Each structure stands twice: as structure tokens, then as C-alpha cells.
Amino acid sequence: MGIFIKALAAVLTVLILGTVLARQGKEIWLLFLIAACCMVCIAAISFLEPVISFIEQLRSVSNLNGQLTGILLKAVGVGWICQLLSLLCTDGGNAALGKAVQILGACVILWMALPLMTRLLELMEDLMVAA
Amino acid sequence: MEIELIFRIAAVGIIVAILNQVLAKSGREEQATMITLTGLVVVLMMVAQKIADLFDMVKRLFDL
């Protein structure tokens with residue numbers, strides 16, 4: 001819980017110091033923002049690690065295919081990092097770059113889901129042959 | 001959680017801003033630009049490590 005309180009305090013500090021820095025020059029302010037986002041996300045990951053290991057435990061108990069949950073987790077990771085980068089680009093005044101990062105993330109997630117779609121197609125083919 | 005990094009970056013930013021103002025007011029725009037660039041590189045070197053840490057953690061956590 002200490003990390004959570006520290007992260008909130010850091011965000012408030014960044015908010016206040018950021019207004020001072022933004023008035024002087026946008027370059028260092030943006031780097032300041034990136035550093036703060038990285039630190040808060042690293043704090044969030046430290047909370048997320050037990051959740052991911054719990055999901056892995058659930059998967060092994062329910063005897064699910066590891067490929068399925070693996071792709072889901074990867075999609076979450078790609079989506080998260082792309083969303084963060086996109087918002088940083090928008091804050092830096094490059095909304096087009098942010099949109100491009102979002103499109104890249106969506107394409108990567110689709111590419112990662114291809115094996116699942118292929119398996120679904122094979123399953124449907126098998127069902128149709130059996131019928 | 002290293003909050004010191006935030007204060008370090010803020011300190012560099014404020015120092016660079018003050019030096020920039022002083023040099024610009026005394027008619028040394030080139031030096032002011034150089035100071036801004038130097039400050040930017042210094043802060044970038046501080047932030048790059050954190051960005052690498054974040055990307056490594058995300059890669060490890062989500063098995064990317």
C-alpha cells in the first residue's frame with residue numbers, strides 16, 4: 001500500500017511542478033511527464049504481478065490451453081503500452097503520431113490472434129466435414 | 001518507487017529555464033539554445049533508463 005500512496009504523491013508533485021516547467025519549455029516538461037508515467041506504470045506492474053501469476057494458476061487448474069491465455073495476456077500488454085504511448089504523443093502535441101501508435105497496437109494484436117483464428121477455421125472445417 | 005528522479009528532473013528543468021532566461025535577456029541566444037539542448041540530453045539520459053525498465057517489465061510480465 002505504501003507504493004500506492006507514494007505513486008499518488010508523485011502524481012500530485014508532477015502535476016504541480018509540471019505547470020511550472022510547462023511555462024518555461026515544453027521539451028523538459030514532456031520528458032518529466034514520461035518519467036512520471038514510467039514510474040507510475042512500474043508501480044502498477046508491481047501490483048499486477050501477483051494477479052498474472054494467479055491467472056496462470058487458474059489456467060493450470062482449469063486445464064486450459066496455455067496458448068489461449070498467453071495470447072490474451074500479450075494483447076493486454078500490447079494494448080496497455082500502446083495506449084500509454086499514444087496518450088504521451090497526444091500530450092506532446094502529436095495526435096497523429098498517437099493515432100499511428102494505436103493503429104500499430106491494433107495491428108500487432110490482430111497478428112498475435114492469427115493462430116487462434118486459424119485454429120477456429122480448422123475446427124469449423126472439421127465440423128463441416130463431420131456433418 | 002524513486003520519487004527522487006522526479007525532483008531531479010524538475011530541478012534540472014528549473015535550472016535550465018532560469019539560465020535560458022538570463023542568457024536570452026543578455027542577448028546570448030545561441031548559448032541559451034545550447035544550455036536548453038544540454039539540459040534536454042541530461043534529462044533524456046535520466047528518463048531513458050526508466051523507459052527501458054518499464055519496457056523490460058512489461059515484456060517480462062506479459063511474456064512478449
Side-chain angles (χ1 to χ4, degrees), chain A residues 2-18 20-46 48-49 51-53 56 66 69-82 84-85 88 108 112, chain B:
Chain A
I3 296 176
F4 173 61
I5 301 293
K6 271 187 184 176
L8 291 185
V11 168
L12 278 178
T13 313
V14 166
L15 198 65
I16 294 160
L17 288 176
V20 179
L21 283 180
R23 235 182 287 156
Q24 304 299 330
K26 212 171 178 185
E27 304 92 3
I28 292 184
W29 169 75
L30 192 61
L31 284 172
F32 188 55
L33 198 66
I34 291 171
C37 285
C38 285
M39 286 176 65
V40 172
C41 283
I42 286 172
I45 284 174
S46 69
L48 206 59
E49 267 171 338
V51 178
I52 299 287
S53 56
E56 286 295 320
T69 51
I71 289 171
L72 276 179
L73 284 180
K74 280 178 187 176
V76 170
V78 170
W80 188 26
I81 208 86
C82 284
L84 180 69
L85 278 184
L88 281 173
V108 169
M112 281 193 310
Chain B
M1 185 127 186
E2 301 161 22
I3 301 183
E4 298 85 35
L5 179 74
I6 287 174
F7 290 121
R8 249 185 283 158
I9 295 172
V12 172
I14 290 168
I15 290 168
V16 166
I18 291 168
L19 285 176
N20 197 22
Q21 289 287 323
V22 170
L23 288 171
K25 286 280 189 309
S26 58
R28 298 176 187 168
E29 272 81 18
E30 300 90 4
Q31 286 181 12
T33 311
M34 292 307 287
I35 288 283
T36 309
L37 266 177
T38 311
L40 201 65
V41 170
V42 167
V43 176
L44 191 60
M45 280 168 71
M46 288 180 192
V47 175
Q49 189 55 48
K50 274 285 153 213
I51 297 172
D53 284 352
L54 174 68
F55 277 42
D56 277 346
M57 282 185 94
V58 170
K59 262 175 78 175
R60 186 173 48 80
L61 187 68
F62 295 107
D63 201 18
L64 287 174

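This one's a predicted model, so the numbers in the text were calculated from it and none came from an experiment. Every heavy atom of this structure was used, including side-chain atoms; hydrogens, water molecules and symmetry mates were not. The sequence lines fix the lettering, A, B, ..., with proteins before strands; numbering per chain opens at 1.
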Quiz item: Side chain, backbone, both or neither: which part of A/Leu84 has a heavy atom under 4.5 Å from chain B?
Solution: side chain
Exercise. Measure B/Ile51 against the heavy atoms of chain A and call it side chain, backbone, both or neither at under 4.5 Å.
Key: both
Quiz prompt | A/Trp80, part contacting chain B, at a heavy-atom distance under 4.5 Å | solution = side chain
Self-check item: Gap separating the SG atom of A/Cys38 from the CD atom of B/Gln49, nearest 0.5 angstrom
Solution: 10.5 Å
Quiz prompt | Heavy-atom closest pair, residues A/Lys6 and B/Ile3 | solution = O-CD1, 3.7 Å
Quiz prompt | Residue pair B/Gly13 / A/Ile28: nearest heavy atoms and the distance that separates them | solution = CA-CG2, 3.7 Å
Quiz item: So how far is it from A/Leu48 CG to B/Met57 CE, rounded to the nearest 0.5 Å?
Solution: 10.0 Å
Quiz item: With only heavy atoms counted, which part of B/Gln21 is less than 4.5 Å from chain A, the side chain, the backbone, both or neither?
Solution: side chain
Self-check item: chain B contact via A/Ile16 - side chain, backbone, both or neither, heavy atoms under 4.5 Å
Solution: neither
Quiz item: In a check of side-chain contact (heavy atoms from CB on, under 4.5 Å) between A/Phe32 and each of B/Val43, B/Val47, B/Ile9, which one passes?
Solution: B/Ile9
Quiz item: Which bit of A/Ile81 is near chain B, if near means a heavy-atom gap under 4.5 Å: side chain, backbone, both or neither?
Solution: side chain
Exercise. Calculate, to the nearest 0.5 Å, the distance between atoms CD1 and CE belonging to B/Ile6 and A/Met39 respectively.
Key: 4.5 Å
Quiz item: Looking at A/Ile45, A/Val14, A/Leu17, which makes the most heavy-atom pairs under 4.5 Å with chain B?
Solution: A/Ile45
Practice problem: Could you check if a side-chain atom of A/Val78 sits within less than 4.5 angstrom of a side-chain atom of B/Phe62, using non-hydrogen atoms only? | Solution: no
